[in-house]
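These notes are about the structure you will find just below.
In what follows, every heavy atom counts, from backbone to side chain, and hydrogens, waters and symmetry copies are set aside. Residue numbers start from 1 in every chain, and the chains themselves are labelled A, B, ... in the order their sequence lines are given, proteins ahead of strands.
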Number of protein chains: 2
Amino acid sequence: MAKIDDVARKAGVSKGTVSNVFSQKRPTSKKVTERVLKASRELNYVPNHIARSLVTKKTMAIGLTVPHGNFFFSSFHTQFINGVILEASTFGYRVLLDMISTKEVQTPTLASYPIDGAIVLGPTEEDERIEMLHRHQIPFVTVGKIMNADVEDGLTVNNDNERILRDIVEYLTSLGHRDILFLNAGKRMTVAAERKQAFEEALRERGIEPLPAMVHYKPPLHSDAYIKYGYDEVAHALGTLKQKVTAVIADDDRTALSAMNAIKDAGLRVPEDISMFVICGDQSMMHQTTPSLTGMDLQPSELGVRAVRLLMHQLGVLEGEYSRNWIVDSSIIVRHSCLPV
Amino acid sequence: MAKIDDVARKAGVSKGTVSNVFSQKRPTSKKVTERVLKASRELNYVPNHIARSLVTKKTMAIGLTVPHGNFFFSSFHTQFINGVILEASTFGYRVLLDMISTKEVQTPTLASYPIDGAIVLGPTEEDERIEMLHRHQIPFVTVGKIMNADVEDGLTVNNDNERILRDIVEYLTSLGHRDILFLNAGKRMTVAAERKQAFEEALRERGIEPLPAMVHYKPPLHSDAYIKYGYDEVAHALGTLKQKVTAVIADDDRTALSAMNAIKDAGLRVPEDISMFVICGDQSMMHQTTPSLTGMDLQPSELGVRAVRLLMHQLGVLEGEYSRNWIVDSSIIVRHSCLPV
DNA sequence: CTGAAAGCGCTTACAG
DNA sequence: CTGAAAGCGCTTACAG
């Protein structure tokens, strides 16, 4: 690989000048620029990103910090990442999929993060990744509320989960539903905590006493229960518990389909006997199922875009005022899976 | 941030020694090691990855090269990436989501790739990304056949697409199907070319003349036709063309659901009137639909693992013999969407 | 607008 | 097992 000295020699200029034509940080005269570019082309020269990073202290990469080992991209993540990639490339940033475990952080063989900042997916209540980023003073934004005790005033993008659950409860109760089974996200997710609280508050405001048995959390990935999440909970409620259920709120589309199978196996129908509402599903998938699924559109891609912008602000790449906690709009898309009682 | 000199001074050793305890490339005595580790801890020292890379010429990152701008993760990609991430972390490698467009490559502001090697997703017939990697002599492996004219004997992982299509045709014809509509992958994908050829050959071997109208390609992302892929083609065949169709082979689960809606709207049923077969779908999704979907299990996660291993061989990280074209097993999972004619 | 020189924070022969 | 010194390939004040 040709290096900057080779180009400088061939073009008859100093390497500082070669540096300038590539970085465009200082102006270079037209003829010198052309000489340099010509020499570079002939030598197949490309600036060494690593060497540049060492002096500029910038890697031009952001980390997408996902939980190590037990992570699985849902359609939500998928669209979120699409938003992140597209927006990051706008600023010339690359995206590093980062799934460092805490174990590795302790191990001395590991080097510093070659990233300028991070986006944390699916924060948990005491999130080790957040703690680590905070300790190493790496700028980050989380997708969802931060509940780490030692982190205050962190940057976040989020949907308005409280409002979302209120809207859902209002929608379902306006259809006459009072016996609502809630298949929530994973237990330690901060989003699950936000949702649960809002769900129960909204019920109480309508004079409905929330039952503990009516709220469930997505089991950990790789557990047997994970695959059957939705089916088991509904089957148990309808069968063993003989619990009256007229509506189900499902975390995602797969959970909803799973729950619908339990409903069918119990000899009931969606939506005639039980309504189904999806919080965090793939819109095109929800559109194609039978019946098509009513649910929220959380705009995951927009969340990704906003997460990047917030990080760019933090990194000083983007100028101007900005809110440290950006809320992305969400709306109910009514299809055919909810009916009045 | 503390640097190696600070630690060396504090521990009373040379920086070469500090380097050794972190890189573990040369042995260090126990007491020196402990002194260094203690000093590092107190100074909160972590080796600078960039500086290390500059001299070792290794970034310890591999690029996941996805098409720029019009990429969308399917469940297949999602699971593939899970495999890549997990396996890469095994070797201490990180994964960079790379979606560089050819435009950027021409622009002089861009620096060299900070990656040691790349995995190319969804190669097309004359793939620009492959051409570029080849030109810059960056080691890479593609997921799927390489059809670039100037690249010979490239590293690939793949399913046996020819065999897969033969198996599918054999399965469907054994059920008596002769009028099979094929909803293939995107037009310029090498996988689509492989599949089409095998599909038509397998039909001919059974005395069935393949009809051009019975093979369709997934439209480009962001086109109006993309969203309705499956629905439109089936509706057109059944309606306007009055084409006899007793079975449909769909590229993925979403396409299958979409096609099933067209079938329903035409007053027909799956599987009683038309059988549905999915090549590249999400197994848990296919398990949950009604009817559950019969199709291939392509083991996308295993493809990811193998892609990483192949790259590690190429990078000299993994020793020993290896095949330059690794085939991952696939099998038909029979569920409830295919019936005899 | 251009050049000469120092420096970014590590690793690695080389010598002991 | 340890140290002193050169070098990885750039950028950046500083001087002109």
Dot-bracket notation for DNA chain C, counting Watson-Crick and G-U pairs under 3.5 Å, with | for partners on another strand: |||.||||||||.|||
Sugar-phosphate only, base, or nothing, as touched by A:Val13 at under 4.0 Å among non-hydrogen atoms: sugar-phosphate
Rounded distance in Å - CG (A:Asn48) to C1' (D:dG7): 14 Å
Length of the line joining B:Glu34:CD and D:dT2:C1', which is rounded to integer Å: 17 Å
Flag for B:Asn82-B:Ser301: side-chain donor and acceptor within less than 3.5 Å: no
Parallel, tilted or perpendicular, as decided by the 30° and 60° cut-offs, for the rings of A:His313 and A:Tyr322: parallel
Touch class at under 4.0 angstrom, heavy-atom based, for A:Lys15 against every strand present: base
Atom-pair distance (CG on B:Asp5; P on C:dC10), nearest Å: 7 Å
D:dG9 OP1/OP2 closer than 4.0 Å to side-chain N/O of B:Lys57: yes
Main-chain N/O of A:Leu97 paired with B:Arg94 side-chain donor or acceptor, under 3.5 Å: no
A:Glu87 side-chain N/O to A:Arg306 backbone N/O, donor-acceptor pair under 3.5 Å: no
Nearest-angstrom distance from the residue atom NE2 of A:His49 to P of D:dT11: 11 Å
Residue pair B:Thr33 / B:Thr28, side-chain donor-acceptor N/O under 3.5 Å: yes
Residue whose nearest DNA chain D nucleotide is more 5′ - A:Val18 or B:Thr33: B:Thr33
Short side-chain N/O contact from B:Ser19 to OP1 or OP2 of C:dT11, under 4.0 Å: yes
Any donor-acceptor N/O pair under 3.5 Å between D:dG3 base and B:Arg26 side chain: yes
Distance in angstrom units between A:Leu43 CG and D:dG9 C1', rounded: 15 Å
Per A:Ala51 side chain, nearest of listed nucleotides D:dG9, C:dA4, C:dT11: D:dG9
Any A:Lys3 side-chain nitrogen or oxygen under 4.0 Å from OP1 or OP2 of D:dC10: no
Matching residue for A:Ile4 among A:Ser19, A:Ser40, A:Pro47 - test: side chain to side chain contact (heavy atoms under 4.5 Å, CB included): A:Ser19
Rounded interatomic separation in angstrom, taking CG from B:Asp6 and P from C:dC8: 11 Å
Length of the CG-P vector between A:Leu54 and D:dC8, whole Å: 13 Å
Under 4.0 angstrom between A:Ser14 side-chain N/O and C:dT2 OP1 or OP2: no
Side chain to side chain contact (heavy atoms under 4.5 Å, CB included) partner of B:Thr156, the single match among B:Val143, B:Asn325, B:Val120: B:Asn325
D:dT2 phosphate, OP1 or OP2, under 4.0 Å from B:Ser29 side-chain N/O: yes
